[in-house]
Amino acid sequence: MLSDAVDVIEPPQNSVMIGTGKGGVGKSTIAAHKAAWHAARGERTLLICVTSQDDDDLGIERFGRGIRPEGPSVLNGQGLYRSIHDRTPLLPVREVRPNLDVIPGGEAVGELLTLLTARMPVEGAQVVSALSRALAPIAPWYDQVVIDSAPEQDSLEQLALTAARWLFVPTRSDDTSIRGMRRIARNYKLVRQQMNPYLQVAGACLYGSNPSATQLHEEVRQEVFKELGPNTPMTGLVVGYREMPAVNARKKGLTFGEYAAMLPTSAKSYDVAAGRAARADVVPDSIRPLAHEMDLLNVEIDALCRKAPAS
Ligand SMILES: Nc1ncnc2c1ncn2[C@@H]1O[C@H](COP(=O)(O)OP(=O)(O)OP(=O)(O)O)[C@@H](O)[C@H]1O
Ligand SMILES: [Mg+2]
């Protein structure tokens, strides 16, 4: 049952995993927006969704965005699964937006758990480098790589952490979100010690909270320091909790900024009252501050990924 010593694969220079061990804290939203933000600035960007629930924030499946590679479908996590199973380079859906390619997540990503477990006896710890290996041949095409991750799955978290240079941790203010940070902190340490010495914590943010709850924010800050280390940078910006615009944007497969751009031509409540428009056609005004906050968050995360100190 012994395996060879692990080969360390250096992750791409600008690769960040958005992760924490708790579900529903905003990982996929932040990952999709970070990827789209870089792409809109002219950087060639790859978004890899190591998550078994494909939220399709960018409208790849629902609205047919992007150019699919030839051959069998890569949607619903099938492309990611196949690359890791067959040990072949990742095949992205290209140009989902200008400069933005995506490896979609979905159900098939859940099947990776069985595959990795079956490989464990022979490959040992090396199994979690499967994503790094599939990424390495295509990484030179990209200026930025953003990895979205699944919660509550140590193997998938470790797979993603092994392929990234930075870890960025969003959290909410409840106790289970704090416990989720504990899980990612443990996986971070294991991966850094055994597989990826290049990995560093870029920072953390409080996501989806009332910006005026400053006392609560301070308490979360202390928890972040406790779980991720006292030098963990935290973003000053807290993206507010704005469910309606966030959920509507996702349904339409648009980023917050793209959705906000529809505001001037949107139907209004009085059009709905007069029977001229459906409720779904009304773009909520609150999309504007949400889009603005997400942009500011991206500026902060980007700065952290450029200057995070070695820990
Ligand atoms: N600022 C916000 N305010 C309120 N709701 C939001 C906000 N941003 C995103 N959401 C919504 O919160 C829900 C969870 O977000 P998201 O899917 O990004 O979290 P996640 O951490 O990726 O979840 P999972 O662990 O299930 O993959 C989604 O319905 C999303 O549309
Ligand atoms: Mg998600």
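Whatever order the structure lists ligands and atoms in, that order sets their numbers, starting from 1. Just so it is clear, the model here is predicted, and its values are computed rather than measured.
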Which of K27, E157, R172 passes side-chain contact (heavy atoms from CB on, under 4.5 Å) with T20? It is K27
Which residue and atom name correspond to the protein heavy atom nearest atom 12 (O) of ligand 1, and how close is it? R172 NH2, 3.9 Å
Does an N or O from K22, backbone or side chain, lie closer than 3.5 Å to an N or O of ligand 1? no
Of G180, G24, G19, which has the heavy atom at the shortest distance from atom 14 (C) of ligand 1? G24
Kindly confirm or rule out an N or O of K27 lying under 3.5 angstrom from an N or O of ligand 1. yes
Checking heavy-atom distances from atom 17 (O) of ligand 1 to each of R250, M294, K251, the winner is R250
Contact (N/O only, under 3.5 Å) between Y241 and ligand 1: no
Has R68 got more than 12 heavy atoms of other residues, nucleotides or ligands less than 6.0 Å from its CZ? yes
Would you kindly specify which portion of S28 sits under 4.0 Å from ligand 1, judged on non-hydrogen atoms: side chain, backbone, both or neither? both
Salt-bridge criterion met for R165 and E10 (N-O under 4.0 Å): yes
Consider only side-chain N and O atoms of E243 and Y241, and report whether a donor and an acceptor are under 3.5 Å apart. yes
Measure from atom 5 (N) of ligand 1 to every heavy atom in E243, H33, Q153, M244 and give the option owning the shortest one. E243
Provide, to 0.1 Å, the distance between atom 18 (O) of ligand 1 and the closest protein heavy atom, together with that atom's residue and name. T29 OG1, 2.5 Å
Which ligand 1 atoms, with their elements, are less than 4.0 angstrom from a heavy-atom of Q53? 26 (O)
Tell me whether the count of non-hydrogen atoms from other residues, nucleotides or ligands lying under 6.0 Å of NE2 in H292 goes above 12. no
What verdict does the side chain to side chain contact (heavy atoms under 4.5 Å, CB included) test give for L90 and I48, after you've listed the backbone C-alpha separation in whole Å, the side-chain angles of each residue and the deciding distance to 0.1 Å? CA-CA 9 Å; L90 293 172; I48 307 174; 4.0 Å; yes
Are the side chains of M17 and W166 in touch, meaning some heavy atoms are under 4.5 Å apart? no
Report, in ascending order of atom number, the atoms of ligand 1 lying under 4.0 Å from any heavy atom of V25. 19 (O), 20 (P), 21 (O)
May I ask you to check if ligand 1 and G208 share an N or O to N or O distance below 3.5 Å? no
Is the distance between the Mg ion (ligand 2) and the nearest N/O/S atom of S28 smaller than 2.8 Å? yes
Using a distance-only test with no angle check, is there a side-chain donor-acceptor pair under 3.5 angstrom linking T88 and D86? no
Please compare C49, A246, G240, G26 and report which has the shortest non-hydrogen distance to atom 1 (N) of ligand 1. G240
Of all heavy-atom pairs linking S177 and T171, the shortest is CB-OG1, 3.4 Å
Identify, for atom 8 (N) of ligand 1, the protein heavy atom at the shortest distance, and state residue, atom and that distance. Y207 OH, 2.7 Å
Specify the protein heavy atom at minimum distance from atom 3 (N) of ligand 1: its residue, its atom name, and the distance to 0.1 Å. R242 N, 2.8 Å
Is the shortest side-chain N to carboxylate O distance from R94 to D101 below 4.0 Å? no
Classify the side-chain pair S28/D55 by whether it contains a donor and acceptor separated by less than 3.5 Å. yes
Applying a strict 4.0 Å limit to heavy atoms, is D55 in contact with ligand 1? yes
Between I30 and ligand 1, find which residue part has any heavy-atom pair under 4.0 Å and reply side chain, backbone, both or neither. neither
Residue L290 vicinity, atoms of ligand 1 by number, heavy atom under 4.0 Å: 1 (N)
Whether over 12 other heavy atoms sit under 6.0 Å from K226 NZ: no
